[in-house]
Amino acid sequence: MKLPLPPQSETGLMYRANELSGATLGEIAHSLNIAIPANFKHHKGWTGQLIEKALGATAGSKPEQDFADLGIELKTLPLDYQHKPLETTYVCYAPLTNLVGTTWLTSSVYNKLQKVLWIPVQGEREIPPDERMVGSPILWQPTPAQNQLLKEDWEELVELIALGKVESITARTGQVLQLRPKAANGKALTEAIGINGEKIRTRPRGYYLRKNFTQQILNNAF
DNA sequence: GGCTGATCATGC
DNA sequence: GCATGATCAGCC
(Lines give C-alpha, C1' and ligand atoms only; values in the text may rest on other atoms or scores of the structure.)
Protein backbone atom coordinates (compact mmCIF):
# COMPACT_ATOMS: atom_id res chain seq x y z
CA MET A 1 0.00 0.00 0.00
CA LYS A 2 1.30 3.39 -0.99
CA LEU A 3 0.71 6.31 1.31
CA PRO A 4 -2.88 7.20 0.39
CA LEU A 5 -3.83 10.63 -0.85
CA PRO A 6 -6.76 12.39 0.81
CA PRO A 7 -10.11 10.86 -0.17
CA GLN A 8 -12.13 12.94 -2.63
CA SER A 9 -15.54 11.94 -1.37
CA GLU A 10 -17.35 10.48 1.59
CA THR A 11 -17.96 7.35 -0.45
CA GLY A 12 -14.26 7.04 -1.17
CA LEU A 13 -13.39 7.50 2.47
CA MET A 14 -15.89 4.86 3.56
CA TYR A 15 -14.60 2.44 0.94
CA ARG A 16 -11.10 2.72 2.37
CA ALA A 17 -12.37 2.46 5.92
CA ASN A 18 -14.20 -0.74 5.05
CA GLU A 19 -11.03 -2.13 3.50
CA LEU A 20 -9.26 -1.70 6.83
CA SER A 21 -11.91 -3.59 8.73
CA GLY A 22 -10.69 -7.06 9.63
CA ALA A 23 -7.04 -6.12 9.27
CA THR A 24 -4.67 -5.99 12.21
CA LEU A 25 -2.72 -2.87 13.14
CA GLY A 26 0.42 -4.87 12.34
CA GLU A 27 -0.73 -5.57 8.78
CA ILE A 28 -1.65 -1.96 8.19
CA ALA A 29 1.57 -0.64 9.70
CA HIS A 30 3.63 -3.08 7.66
CA SER A 31 1.98 -2.04 4.39
CA LEU A 32 2.74 1.59 5.20
CA ASN A 33 6.27 0.88 6.37
CA ILE A 34 5.59 2.16 9.84
CA ALA A 35 7.36 0.78 12.91
CA ILE A 36 5.16 -0.94 15.48
CA PRO A 37 5.66 -0.22 19.19
CA ALA A 38 5.58 -3.10 21.68
CA ASN A 39 3.07 -1.21 23.80
CA PHE A 40 1.56 2.24 24.05
CA LYS A 41 3.23 3.39 27.25
CA HIS A 42 5.31 5.81 25.19
CA HIS A 43 3.20 5.83 22.03
CA LYS A 44 -0.29 6.70 23.19
CA GLY A 45 -1.52 8.22 19.95
CA TRP A 46 0.01 5.62 17.64
CA THR A 47 -3.21 3.87 16.61
CA GLY A 48 -4.94 7.11 15.72
CA GLN A 49 -1.99 8.32 13.69
CA LEU A 50 -1.71 4.99 11.87
CA ILE A 51 -5.37 5.05 10.84
CA GLU A 52 -5.02 8.69 9.81
CA LYS A 53 -2.24 7.77 7.41
CA ALA A 54 -4.05 4.68 6.13
CA LEU A 55 -7.11 6.76 5.28
CA GLY A 56 -5.19 9.66 3.79
CA ALA A 57 -5.86 12.19 6.50
CA THR A 58 -3.48 15.11 6.54
CA ALA A 59 -1.46 14.63 9.69
CA GLY A 60 -1.12 17.75 11.72
CA SER A 61 -2.33 19.62 14.73
CA LYS A 62 -4.73 21.96 13.01
CA PRO A 63 -7.84 22.74 15.08
CA GLU A 64 -10.08 21.42 12.31
CA GLN A 65 -11.79 18.24 11.24
CA ASP A 66 -9.47 15.57 9.87
CA PHE A 67 -11.24 15.65 6.52
CA ALA A 68 -12.27 19.29 6.47
CA ASP A 69 -13.33 19.17 2.82
CA LEU A 70 -15.73 16.38 3.63
CA GLY A 71 -16.76 17.81 7.00
CA ILE A 72 -15.70 14.60 8.74
CA GLU A 73 -13.70 14.04 11.91
CA LEU A 74 -11.81 10.76 12.38
CA LYS A 75 -11.66 8.96 15.73
CA THR A 76 -10.37 5.54 16.67
CA LEU A 77 -12.26 3.87 19.51
CA PRO A 78 -10.54 1.24 21.67
CA LEU A 79 -12.93 -1.57 22.62
CA ASP A 80 -12.78 -4.29 25.25
CA TYR A 81 -13.74 -7.94 24.69
CA GLN A 82 -17.40 -7.02 25.22
CA HIS A 83 -17.14 -4.40 22.48
CA LYS A 84 -17.48 -1.60 24.98
CA PRO A 85 -15.31 1.56 24.90
CA LEU A 86 -12.17 1.19 27.02
CA GLU A 87 -11.38 4.88 27.12
CA THR A 88 -13.05 8.27 26.93
CA THR A 89 -12.68 10.11 23.64
CA TYR A 90 -10.73 13.34 23.33
CA VAL A 91 -12.70 15.95 21.38
CA CYS A 92 -10.70 19.16 21.35
CA TYR A 93 -8.68 21.66 23.32
CA ALA A 94 -10.71 23.83 25.67
CA PRO A 95 -10.45 27.62 25.43
CA LEU A 96 -10.41 29.09 28.94
CA THR A 97 -10.41 32.80 28.06
CA ASN A 98 -12.11 35.13 25.56
CA LEU A 99 -15.36 33.24 25.93
CA VAL A 100 -17.64 36.22 25.45
CA GLY A 101 -19.79 35.62 22.41
CA THR A 102 -18.97 31.94 22.01
CA THR A 103 -22.00 29.75 21.50
CA TRP A 104 -22.65 26.04 21.14
CA LEU A 105 -23.15 26.36 17.40
CA THR A 106 -19.82 28.13 16.90
CA SER A 107 -17.88 25.96 19.36
CA SER A 108 -15.11 23.57 18.40
CA VAL A 109 -16.94 20.77 20.20
CA TYR A 110 -19.97 21.24 17.95
CA ASN A 111 -17.82 21.55 14.84
CA LYS A 112 -15.84 18.39 15.54
CA LEU A 113 -18.81 16.24 16.42
CA GLN A 114 -21.30 16.94 13.65
CA LYS A 115 -19.93 14.07 11.59
CA VAL A 116 -17.48 11.53 12.92
CA LEU A 117 -15.99 8.45 11.30
CA TRP A 118 -15.45 6.04 14.20
CA ILE A 119 -12.94 3.25 13.67
CA PRO A 120 -13.30 0.62 16.41
CA VAL A 121 -10.07 -1.14 17.33
CA GLN A 122 -9.41 -3.93 19.82
CA GLY A 123 -7.92 -2.19 22.83
CA GLU A 124 -7.29 -4.73 25.56
CA ARG A 125 -3.82 -4.15 26.93
CA GLU A 126 -2.97 -7.83 26.82
CA ILE A 127 -3.35 -7.80 23.03
CA PRO A 128 -0.04 -6.65 21.48
CA PRO A 129 -0.49 -3.59 19.23
CA ASP A 130 0.41 -5.50 16.07
CA GLU A 131 -2.30 -8.12 16.74
CA ARG A 132 -5.12 -5.70 17.44
CA MET A 133 -7.89 -5.94 14.89
CA VAL A 134 -9.76 -3.06 13.28
CA GLY A 135 -13.55 -3.25 13.22
CA SER A 136 -16.29 -1.99 10.95
CA PRO A 137 -16.31 1.79 10.49
CA ILE A 138 -19.23 3.83 11.78
CA LEU A 139 -20.11 7.12 10.12
CA TRP A 140 -22.06 8.93 12.81
CA GLN A 141 -23.99 12.14 13.08
CA PRO A 142 -25.49 13.11 16.44
CA THR A 143 -29.22 12.67 16.82
CA PRO A 144 -31.19 15.71 18.02
CA ALA A 145 -31.27 14.14 21.48
CA GLN A 146 -27.51 13.55 21.49
CA ASN A 147 -26.87 17.10 20.31
CA GLN A 148 -29.07 18.39 23.12
CA LEU A 149 -27.12 16.44 25.74
CA LEU A 150 -23.83 17.72 24.35
CA LYS A 151 -25.15 21.27 24.24
CA GLU A 152 -26.35 21.16 27.83
CA ASP A 153 -23.01 19.90 29.11
CA TRP A 154 -21.00 22.30 26.96
CA GLU A 155 -23.04 25.28 28.13
CA GLU A 156 -22.70 24.26 31.77
CA LEU A 157 -18.94 23.85 31.45
CA VAL A 158 -18.38 27.07 29.51
CA GLU A 159 -20.48 29.00 32.00
CA LEU A 160 -18.40 27.70 34.88
CA ILE A 161 -15.19 28.59 33.03
CA ALA A 162 -16.49 32.07 32.19
CA LEU A 163 -17.55 32.66 35.80
CA GLY A 164 -14.05 31.91 37.00
CA LYS A 165 -14.88 28.50 38.42
CA VAL A 166 -12.66 26.39 36.20
CA GLU A 167 -10.79 25.08 39.25
CA SER A 168 -14.04 23.70 40.65
CA ILE A 169 -14.76 21.67 37.52
CA THR A 170 -13.85 18.00 37.84
CA ALA A 171 -14.24 15.04 35.48
CA ARG A 172 -17.53 14.37 37.29
CA THR A 173 -19.14 17.47 35.84
CA GLY A 174 -21.29 16.80 32.76
CA GLN A 175 -23.52 13.93 31.68
CA VAL A 176 -21.80 12.99 28.43
CA LEU A 177 -19.07 15.60 28.03
CA GLN A 178 -16.16 16.06 30.45
CA LEU A 179 -13.47 18.66 30.98
CA ARG A 180 -10.14 17.13 31.99
CA PRO A 181 -6.46 18.11 32.09
CA LYS A 182 -4.80 17.92 28.68
CA ALA A 183 -1.11 18.66 28.77
CA ALA A 184 2.37 17.28 28.45
CA ASN A 185 2.71 17.17 32.25
CA GLY A 186 1.72 18.85 35.48
CA LYS A 187 4.03 21.79 34.90
CA ALA A 188 2.12 23.04 31.86
CA LEU A 189 0.09 26.14 32.63
CA THR A 190 -2.21 28.36 30.64
CA GLU A 191 -4.28 31.46 31.29
CA ALA A 192 -7.79 31.28 32.69
CA ILE A 193 -10.32 33.41 34.55
CA GLY A 194 -10.27 33.53 38.35
CA ILE A 195 -13.23 33.78 40.72
CA ASN A 196 -12.90 37.56 40.90
CA GLY A 197 -12.48 37.97 37.16
CA GLU A 198 -8.70 38.18 37.41
CA LYS A 199 -6.26 36.27 35.26
CA ILE A 200 -5.02 33.04 36.77
CA ARG A 201 -2.73 30.24 35.63
CA THR A 202 -4.15 26.74 35.48
CA ARG A 203 -3.62 23.37 33.87
CA PRO A 204 -4.71 23.29 30.22
CA ARG A 205 -7.94 21.35 29.69
CA GLY A 206 -9.60 19.40 26.95
CA TYR A 207 -13.14 18.20 26.22
CA TYR A 208 -13.76 14.46 26.31
CA LEU A 209 -16.74 12.23 25.52
CA ARG A 210 -17.71 9.88 28.32
CA LYS A 211 -17.78 6.18 27.61
CA ASN A 212 -21.54 5.99 28.10
CA PHE A 213 -21.93 8.33 25.14
CA THR A 214 -19.67 6.47 22.72
CA GLN A 215 -21.24 3.22 23.91
CA GLN A 216 -24.60 4.62 22.84
CA ILE A 217 -23.18 5.41 19.40
CA LEU A 218 -22.01 1.80 19.07
CA ASN A 219 -25.38 0.45 20.19
CA ASN A 220 -27.27 2.54 17.65
CA ALA A 221 -24.94 1.45 14.86
CA PHE A 222 -25.59 -2.27 15.27
C1' DG B 1 -12.53 -2.70 38.32
C1' DG B 2 -13.57 1.83 36.90
C1' DC B 3 -12.58 6.48 36.91
C1' DT B 4 -10.13 10.79 37.35
C1' DG B 5 -6.26 13.24 36.92
C1' DA B 6 -1.74 12.84 34.85
C1' DT B 7 1.05 11.86 31.21
C1' DC B 8 3.57 10.56 26.48
C1' DA B 9 4.86 11.85 21.48
C1' DT B 10 4.92 15.10 17.79
C1' DG B 11 5.00 19.62 14.94
C1' DC B 12 5.21 24.27 14.89
C1' DG C 1 2.43 26.78 24.82
C1' DC C 2 -1.24 25.09 21.64
C1' DA C 3 -3.28 21.49 19.49
C1' DT C 4 -3.26 17.10 17.48
C1' DG C 5 -3.17 11.82 18.35
C1' DA C 6 -4.63 9.37 22.78
C1' DT C 7 -3.54 5.80 26.98
C1' DC C 8 -1.46 5.34 31.50
C1' DA C 9 -1.75 4.37 36.29
C1' DG C 10 -2.80 5.37 41.04
C1' DC C 11 -6.69 6.04 43.91
C1' DC C 12 -11.19 5.23 45.39
Side-chain angles (χ1 to χ4, degrees), chain A residues 6 20 25 28-29 32 34-68 72-99 107-109 111-113 116-130 132 134 153 157 160-161 166-192 199-215:
Chain A
L20 296 181
L25 297 183
I28 296 170
L32 295 173
I34 294 171
I36 304 162
N39 60 64
F40 293 148
K41 190 171 180 178
H42 298 288
H43 299 83
K44 299 182 180 182
W46 187 82
T47 303
Q49 290 166 350
L50 177 72
I51 301 300
E52 277 186 350
K53 290 188 176 72
L55 293 179
T58 309
S61 56
K62 297 183 298 298
E64 299 169 359
Q65 293 155 316
D66 293 289
F67 301 99
I72 297 175
E73 172 71 11
L74 175 66
K75 291 287 176 200
T76 57
L77 187 61
L79 301 185
D80 65 17
Y81 292 126
Q82 280 70 238
H83 303 291
K84 295 194 301 183
L86 269 167
E87 298 286 350
T88 55
T89 300
Y90 172 67
V91 179
C92 62
Y93 202 71
L96 302 180
T97 59
N98 301 317
L99 297 168
S107 70
S108 293
V109 175
N111 178 249
K112 291 272 179 106
L113 297 181
V116 179
L117 175 57
W118 297 95
I119 306 291
V121 180
Q122 290 184 320
E124 296 282 4
R125 281 191 207 184
E126 68 179 38
I127 306 177
D130 66 300
R132 298 188 186 190
V134 175
D153 284 350
L157 291 165
L160 288 169
I161 294 167
V166 63
E167 299 287 26
S168 73
I169 299 173
T170 72
R172 298 166 190 78
T173 309
Q175 316 167 77
V176 297
L177 194 67
Q178 297 174 303
L179 192 76
R180 305 220 307 275
K182 174 64 172 170
N185 54 57
K187 296 171 188 167
L189 291 173
T190 191
E191 187 176 294
K199 291 177 180 177
I200 62 170
R201 305 281 291 167
T202 190
R203 285 149 38 242
R205 315 296 166 93
Y207 287 104
Y208 294 80
L209 294 177
R210 292 184 179 282
K211 291 195 282 185
N212 61 6
F213 191 77
T214 45
Q215 171 72 69

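Just so it is clear: chains get the letters A, B, ... in the order the sequence lines come, proteins before strands, and each one is counted from 1.
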Spacing of [X] atom [atom1] relative to [N] atom [atom2], expressed in whole Å:
{"X": "A:L209", "N": "B:dC3", "atom1": "CG", "atom2": "P", "result": "15 Å"}
{"X": "A:W46", "N": "B:dG11", "atom1": "CH2", "atom2": "P", "result": "16 Å"}
{"X": "A:N212", "N": "B:dT4", "atom1": "CG", "atom2": "P", "result": "10 Å"}
{"X": "A:L179", "N": "B:dG5", "atom1": "CG", "atom2": "P", "result": "10 Å"}
{"X": "A:R125", "N": "B:dG1", "atom1": "CZ", "atom2": "C1'", "result": "12 Å"}

Can you tell me how far [atom2] of [Y] sits from [atom1] of [X], rounded to the nearest 0.5 angstrom?
{"X": "A:T88", "Y": "A:L177", "atom1": "OG1", "atom2": "CG", "result": "10.5 Å"}
{"X": "A:F213", "Y": "A:Q175", "atom1": "CZ", "atom2": "CD", "result": "10.5 Å"}
{"X": "A:L96", "Y": "A:R203", "atom1": "CG", "atom2": "CZ", "result": "11.0 Å"}
{"X": "A:K112", "Y": "A:T89", "atom1": "NZ", "atom2": "OG1", "result": "12.5 Å"}
{"X": "A:L209", "Y": "A:Q215", "atom1": "CG", "atom2": "CD", "result": "13.5 Å"}
{"X": "A:I119", "Y": "A:K75", "atom1": "CD1", "atom2": "NZ", "result": "12.5 Å"}

- Message: Under 4.0 Å from a heavy atom of chain A: give me the 5'-most and 3'-most nucleotides of DNA chain C that qualify.
- Response: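 Counting from the 5' end, contacts occupy C:dG1 to C:dA9.
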
Determine whether a donor-acceptor pair (N or O, by modelled atom type, separation under 3.5 Å) exists between the side chain of [X] and the backbone of [Y].
{"X": "A:R132", "Y": "A:E124", "answer": "yes"}
{"X": "A:E87", "Y": "A:P78", "answer": "no"}
{"X": "A:D66", "Y": "A:A57", "answer": "no"}

Could you check whether [X] gets within reach of a base, just the sugar-phosphate, or nothing at all, counting any heavy atom under 4.0 Å?
{"X": "A:E73", "result": "sugar-phosphate"}
{"X": "A:R201", "result": "sugar-phosphate"}
{"X": "A:K112", "result": "sugar-phosphate"}
{"X": "A:P181", "result": "base"}
{"X": "A:L86", "result": "nothing"}
{"X": "A:T170", "result": "sugar-phosphate"}
{"X": "A:P204", "result": "nothing"}

- Query: Contacts to DNA chain B from residues 89-99 of chain A, heavy-atom cutoff under 4.0 Å, which residues?
  - Reply: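 Nothing qualifies; none.
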
- Message: Quick check: do A:C92 and A:V109 have side-chain heavy atoms less than 4.5 Å from each other?
- Response: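 The answer is yes; the side chains approach within 4.5 Å.
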
- Query: Would a 4.5 Å heavy-atom cut-off, applied to side chains only, mark A:E73 and A:L113 as touching?
  - Reply: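 Heavy-atom side-chain distance check fails, nothing below 4.5 Å.
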
- OP1 or OP2 of B:dG5 less than 4.0 angstrom from a side-chain nitrogen or oxygen of A:R172, does that happen here?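 For A:R172, the contact criterion (side-chain N or O under 4.0 Å from OP1 or OP2 of B:dG5) is met.
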
- Message: Is the phosphate of B:dT7 approached by A:R180 (side-chain N or O, under 4.0 Å from OP1 or OP2)?
- Response: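 Result: no.
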
- Message: Atom CG of residue position A:N39 - does it have more than 12 heavy atoms of other residues, nucleotides or ligands inside 6.0 Å?
- Response: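 Check passes, neighbour count above 12.
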
Could you list, one pair per line, each protein nitrogen or oxygen that sits under 3.5 Å from a nitrogen or oxygen of nucleotides 8-10 of chain B, together with the distance?
residue: B:dC8; atom: O3'; partner: A:H42; partner atom: ND1; Å: 3.3
residue: B:dA9; atom: OP1; partner: A:H42; partner atom: ND1; Å: 3.3

